[in-house]
Colleague: 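Have a look at this one.
We use all heavy atoms of the structure for the numbers below, so side chains are in, but hydrogens, waters and symmetry mates are not. Each chain gets a letter, A, B and so on, in the order the sequences are listed, and its residues count up from 1.
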There are 4 protein chains.
Amino acid sequence: MIQINTGVKVLDKQERKKYIAEKTLELISEKGLTNLTMEDVALSCNLSKGSIYNYFKNKNSLIVSAFSALLEKVQNFFEDKESNPTQDCAEESADFYANLYSEILNTFPSKELMRLFEILMNSTHEPSMMQILTQTFKENYGKILSRFEKLFNSKTKAFMLQAMFDGLVIYRAVGVEFSDNEIRDNLKKMILSLTDENKN
Amino acid sequence: MIQINTGVKVLDKQERKKYIAEKTLELISEKGLTNLTMEDVALSCNLSKGSIYNYFKNKNSLIVSAFSALLEKVQNFFEDKESNPTQDCAEESADFYANLYSEILNTFPSKELMRLFEILMNSTHEPSMMQILTQTFKENYGKILSRFEKLFNSKTKAFMLQAMFDGLVIYRAVGVEFSDNEIRDNLKKMILSLTDENKN
Amino acid sequence: MIQINTGVKVLDKQERKKYIAEKTLELISEKGLTNLTMEDVALSCNLSKGSIYNYFKNKNSLIVSAFSALLEKVQNFFEDKESNPTQDCAEESADFYANLYSEILNTFPSKELMRLFEILMNSTHEPSMMQILTQTFKENYGKILSRFEKLFNSKTKAFMLQAMFDGLVIYRAVGVEFSDNEIRDNLKKMILSLTDENKN
Amino acid sequence: MIQINTGVKVLDKQERKKYIAEKTLELISEKGLTNLTMEDVALSCNLSKGSIYNYFKNKNSLIVSAFSALLEKVQNFFEDKESNPTQDCAEESADFYANLYSEILNTFPSKELMRLFEILMNSTHEPSMMQILTQTFKENYGKILSRFEKLFNSKTKAFMLQAMFDGLVIYRAVGVEFSDNEIRDNLKKMILSLTDENKN
DNA sequence: AATGAATGAGAATTCATTCAT
DNA sequence: TATGAATGAATTCTCATTCAT
């Protein structure tokens with residue numbers, strides 16, 4: 001929350017940037033990227049339109065910041081769910097991750113996670129924007145993937161599993177329905193088979 | 001059928017609609033949905049802007065048609081690749097599909113397939129549009145999935161495999177790199193494990 | 001109804017013009033002048049847009065014809081209601097006309113009569129059109145007014161009474177409510193006073 | 001109040017809205033409602049097209065404001081002419097009002113007053129607009145009518161007299177000619193008869 | 001830093017009219 | 001005469017961005 005300098009605590013420019021980016025992210029989640037206007041942003045931040053431009057060079061750079069905020073949120077979400085990873089054997093690991101992903105699929109708003117890809121895709125034809133978005137995406141997803149990489153001892157397998165997860169997220173966001181229980185069970189089997197296979 | 005005096009067959013209205021939708025699809029693939037303008041469409045069809053509106057009520061309904069054309073194209077692509085499905089045992093099937101998907105991943109323009117999801121996501125907040133898109137999507141994907149459903153004897157498994165594929169398509173479209181060979185090999189193993197598992 | 005030449009009866013060009021003008025009048029009554037499109041006209045006549053231009057030089061001349069049709073309709077309406085005018089004394093005349101106007105106010109669709117003025121007003125800034133409309137208006141209203149002129153022996157009084165009637169028609173069309181009975185009673189008194197006054 | 005450096009007072013937002021509405025009213029009077037474009041409005045206000053939309057949500061709401069401005073103008077016109085109403089007896093009242101209306105008919109630009117009804121009629125098929133216009137119309141005309149209501153002790157009579165006036169305004173605006181003197185004389189007689197009648 | 005008015009470059013859409021067949 | 005496809009000019013409306021205060 002922005003505070004006026006009553007001596008208490010005043011947000012510095014960096015913090016206010018972040019605040020705006022987060023508000024923007026909320027708006028994108030609510031209304032989609034296409035419907036995002038600078039006026040919406042200004043209103044939701046209790047700022048004037050002009051003021052937004054004191055913090056962000058233009059709309060694109062604001063979107064990039066919102067994208068970063070979203071990726072950070074996603075990553076935190078993954079990390080929080082995984083705070084005490086006490087998996088000894090493959091079976092336990094498979095169980096753990098199947099549950100984890102299933103839970104995330106249930107609790108993380110599908111539409112919100114979908115926005116990640118919406119932003120990425122919409123930027124496909126603005127090279128300068130695409131570059132920074134892709135880079136940010138890779139870095140953050142790299143961290144998320146690193147667990148699976150360790151588990152499977154394979155970057156590609158990690159990719160594939162995460163891709164499946166994201167695919168399901170998107171399917172769900174666009175109205176395809178499926179049973180979470182079945183997902184979880186199959187997920188476990190797949191993880192297990194990928195782990196087993198690893199040992200051969 | 002109307003004939004112009006060169007003897008060449010003239011397209012009827014339905015065919016012209018389709019032609020415009022396909023041209024639109026090309027444009028979307030080239031420039032992205034956000035940058036698509038009705039003027040672009042008109043130009044690429046050698047028509048005036050007004051003429052487009054003789055075929056489509058508005059931009060959205062044109063996009064819906066382009067979306068359908070894309071889905072049809074995707075489906076044809078899958079079907080063409082799979083013309084002679086001579087898979088006797090699970091091993092052969094796994095091999096066949098792993099190769100098929102790997103090949104599609106390689107040959108179908110990743111950006112183009114990605115547009116499927118770009119269109120879906122961008123329309124998330126226009127209910128009337130979303131409804132028809134989702135329905136079309138489900139119908140066509142249903143056909144694509146039916147092969148896996150038979151193979152695995154499970155709708156959910158089919159979903160998951162296809163989701164993985166689409167996730168990878170999107171990853172690739174946004175600049176993530178991975179090795180097709182490894183994908184293919186792992187894919188085969190996963191398919192096999194899912195098929196085996198089926199027999200227990 | 002347009003007939004194809006089966007040998008029965010075929011409308012000649014003049015009759016078809018009239019038919020189109022009357023259909024146009026219906027459309028204007030239904031949807032207003034602003035919302036009238038040549039496509040509407042074509043559809044309601046079961047003709048193609050291009051064909052309308054075989055009968056009318058352009059939209060304006062079609063509107064002029066529809067306007068004439070409306071005026072004719074109004075005039076017929078007045079005349080029909082007044083077929084046997086057996087008024088001997090002033091009292092009877094006042095009674096007769098008060099009833100007549102009150103009845104017309106009730107039975108003639110207010111919105112339809114209003115269109116007369118809508119068309120006139122909208123054409124105010126197209127001199128060529130205005131000229132013909134005003135002329136047509138004067139001629140037809142002249143006939144309607146002639147009765148009052150005789151009764152009152154005054155063109156101005158006739159104008160004033162008819163103006164009041166048209167004013168009320170418009171008020172009613174735009175949503176102002178009033179009691180028909182009171183209107184009729186007052187109308188009678190006004191007509192009577194104007195007639196009496198005449199004798200002094 | 002914001003001041004620009006010439007010392008001249010700058011208009012606040014409300015005043016600027018009003019200014020635009022009044023300019024719009026001028027344009028409507030000049031060119032008619034149908035020919036009014038937002039570009040005209042912008043030009044006549046020395047603003048860009050986009051700026052108009054900072055003051056009015058859309059064209060319709062601008063027209064509604066212009067309509068209000070017109071009604072206000074009409075009402076002021078009536079009130080100004082009637083500043084010192086010293087009418088003791090019926091005869092004097094009749095004389096006063098006959099002169100007042102005759103004068104207004106002469107001095108108030110007929111075309112301008114006519115626009116009131118042009119706007120009302122053209123909006124007949126846009127319910128949301130019609131509602132507010134009709135309401136505004138009723139409110140303002142209620143004030144104008146209240147004088148006659150008192151004089152005649154009858155709402156209906158007041159309506160009828162005002163309807164006659166408006167009818168004449170429209171007739172004149174569309175090119176019908178009549179003598180103001182005769183109008184005034186007859187008006188007086190009608191008012192008188194309606195007042196007398198009141199006493200019986 | 002904050003404001004908010006102004007802008008102008010689009011973009012979608014409408015529709016009377018034309019014209020070849 | 002009838003058609004209906006094509007047109008293009010006009011019009012409304014949007015919105016990121018700028019800038020003087």
Colleague: Could you check whether Glu118(A) pairs with Arg115(A) (Lys NZ or Arg NE/NH1/NH2 to Asp/Glu carboxylate O, under 4.0 Å)?
Modeller: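 Arg115(A) and Glu118(A): salt-bridged.
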
Colleague: Could you check if a side-chain atom of Phe117(C) sits within less than 4.5 angstrom of a side-chain atom of Met114(D), using non-hydrogen atoms only?
Modeller: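 Heavy-atom side-chain distance check fails, nothing below 4.5 Å.
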
Colleague: Do Asn54(C) and Ser51(C) meet the criterion of a side-chain donor-acceptor pair at a distance under 3.5 Å?
Modeller: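 The criterion, which ignores hydrogens and geometry beyond distance, is not satisfied for Ser51(C) and Asn54(C).
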
Colleague: Is there a side-chain polar atom (N or O) of Ser51(D) under 4.0 Å from OP1 or OP2 of dA5(E)?
Modeller: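 Answer is no, no contact under 4.0 Å.
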
Colleague: Report the distance from atom CZ of Phe67(C) to atom CD1 of Ile28(C), rounding to the nearest 0.5 Å.
Modeller: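 The distance works out to 10.5 Å.
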
Colleague: Is there a side-chain polar atom (N or O) of Arg16(C) under 4.0 Å from OP1 or OP2 of dA2(F)?
Modeller: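 So the side-chain polar atoms of Arg16(C) do come within 4.0 Å of the phosphate oxygens OP1 or OP2 of dA2(F), strictly under.
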
Colleague: When we call it a touch if two heavy atoms are under 4.0 Å apart, what does Ile52(A) touch: a base, just sugar-phosphate, or nothing?
Modeller: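 Contact class for Ile52(A): none.
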
Colleague: Round to a whole Å and report the spacing from CD1 of Ile20(D) to P of dT7(E).
Modeller: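 One finds 11 Å between P of dT7(E) and CD1 of Ile20(D), rounded.
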
Colleague: Nearest nucleotide by nearest heavy atom, which residue falls closer to the 5' end of DNA chain E, Lys57(C) or Asn60(B)?
Modeller: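 Nearer the 5' end of the strand: Asn60(B).
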
Colleague: If you assign each of Glu39(A) and Ser48(B) to its closest nucleotide in DNA chain F, which residue comes earlier from the 5' end?
Modeller: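 First, find each residue's nearest nucleotide; the 5'-ward one identifies Ser48(B).
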
Colleague: Round to the nearest Å and state the distance from Phe56(D) atom CZ to dA5(E) atom P.
Modeller: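 Going from CZ in Phe56(D) over to P in dA5(E) covers 13 Å.
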
Colleague: How close or far is atom P of dC13(F) from atom CG of Asp40(D), stated in whole angstroms?
Modeller: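 Answer to the nearest Å: 14 Å.
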
Colleague: Tyr55(C) and side-chain hydrogen bond (donor to acceptor under 3.5 Å, both in side chains): which partner among Lys17(C), Lys13(C), Arg16(C)?
Modeller: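 Exactly one candidate clears the test, Arg16(C).
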
Colleague: Scan the side chains in residues 59-66 of chain C for donor-acceptor partners under 3.5 Å anywhere in the protein, sequence neighbours excluded, and list what turns up.
Modeller:
unit_1   : atom_1 : unit_2    : atom_2 : d
Lys59(C) : NZ     : Leu36(C)  : O      : 2.8
Asn60(C) : ND2    : Glu126(C) : OE1    : 2.9
Ser61(C) : OG     : Lys57(C)  : N      : 3.4
Ser61(C) : OG     : Asn58(C)  : O      : 3.2
Ser65(C) : OG     : Ser61(C)  : O      : 3.4

Colleague: Calculate the interatomic distance between Tyr53(A) atom OH and dA20(F) atom P; express it in whole Å.
Modeller: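 Rounded to whole Å, this separation is 17 Å.
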
Colleague: Which sits closer to the 5' end of DNA chain E, Met38(B) or Asn46(A), going by the nucleotide each is nearest to?
Modeller: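 Closer to the 5' end of DNA chain E: Asn46(A).
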
Colleague: Examine dT1(F): is either OP1 or OP2 under 4.0 Å from a nitrogen or oxygen in the side chain of Lys13(C)? Give yes or no.
Modeller: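 Checking dT1(F) against Lys13(C), a side-chain N or O does come within under 4.0 Å of OP1 or OP2.
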
Colleague: In whole angstrom, give the distance that lies between atom NZ of Lys49(B) and atom P of dC15(E).
Modeller: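 For the pair Lys49(B) NZ and dC15(E) P, the rounded distance is 16 Å.
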
Colleague: For DNA chain F, write out the stems as range with range, using runs of 3 or more consecutive Watson-Crick or G-U pairs with both distances under 3.5 Å.
Modeller: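 Ordered by first number, the stems with DNA chain F (at least 3 consecutive pairs each) read E:2-21 with F:2-21.
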
Colleague: Hey, is the side chain of Asn54(D) pairing donor to acceptor with the base of dA6(E) inside 3.5 Å?
Modeller: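 Under the 3.5 Å cut-off, the side chain and the base do form a donor-acceptor pair.
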
Colleague: If I take atom CG in residue Asp12(B) and atom P in nucleotide dG4(F), what distance separates them, rounded to the nearest angstrom?
Modeller: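 These atoms are roughly 13 Å apart.
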
Colleague: Is the shortest heavy-atom distance from the side chain of Ser128(A) to the side chain of Ile132(A) under 4.5 Å?
Modeller: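 Sidechains of Ile132(A) and Ser128(A): no contact.
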
Colleague: Return no unless some side-chain N or O of Lys59(B) is found under 4.0 Å from OP1 or OP2 of dT13(E).
Modeller: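 Answer no for this pair, as no side-chain N or O of Lys59(B) is under 4.0 Å from OP1 or OP2.
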
Colleague: Just how far, in rounded Å, is C1' of dG8(E) from CG of Leu43(D)?
Modeller: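 Atom CG in Leu43(D) sits about 13 Å away from atom C1' in dG8(E).
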
Colleague: With a cut-off of less than 4.0 Å, is there a side-chain N or O of Thr37(A) near OP1 or OP2 of dC15(F)?
Modeller: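 Thr37(A) to dC15(F) OP1/OP2: no side-chain N or O under 4.0 Å.
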
Colleague: May I ask you to test the Tyr19(D)-Glu15(D) pair for a side-chain heavy-atom distance under 4.5 Å?
Modeller: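 Tyr19(D) does not reach Glu15(D) side chain to side chain.
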
Colleague: Rounded to whole angstrom units, what separation is found between the CD atom of Gln14(C) and the P atom of dT1(F)?
Modeller: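 Taking atom P of dT1(F) as the reference, CD of Gln14(C) is at 11 Å.
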
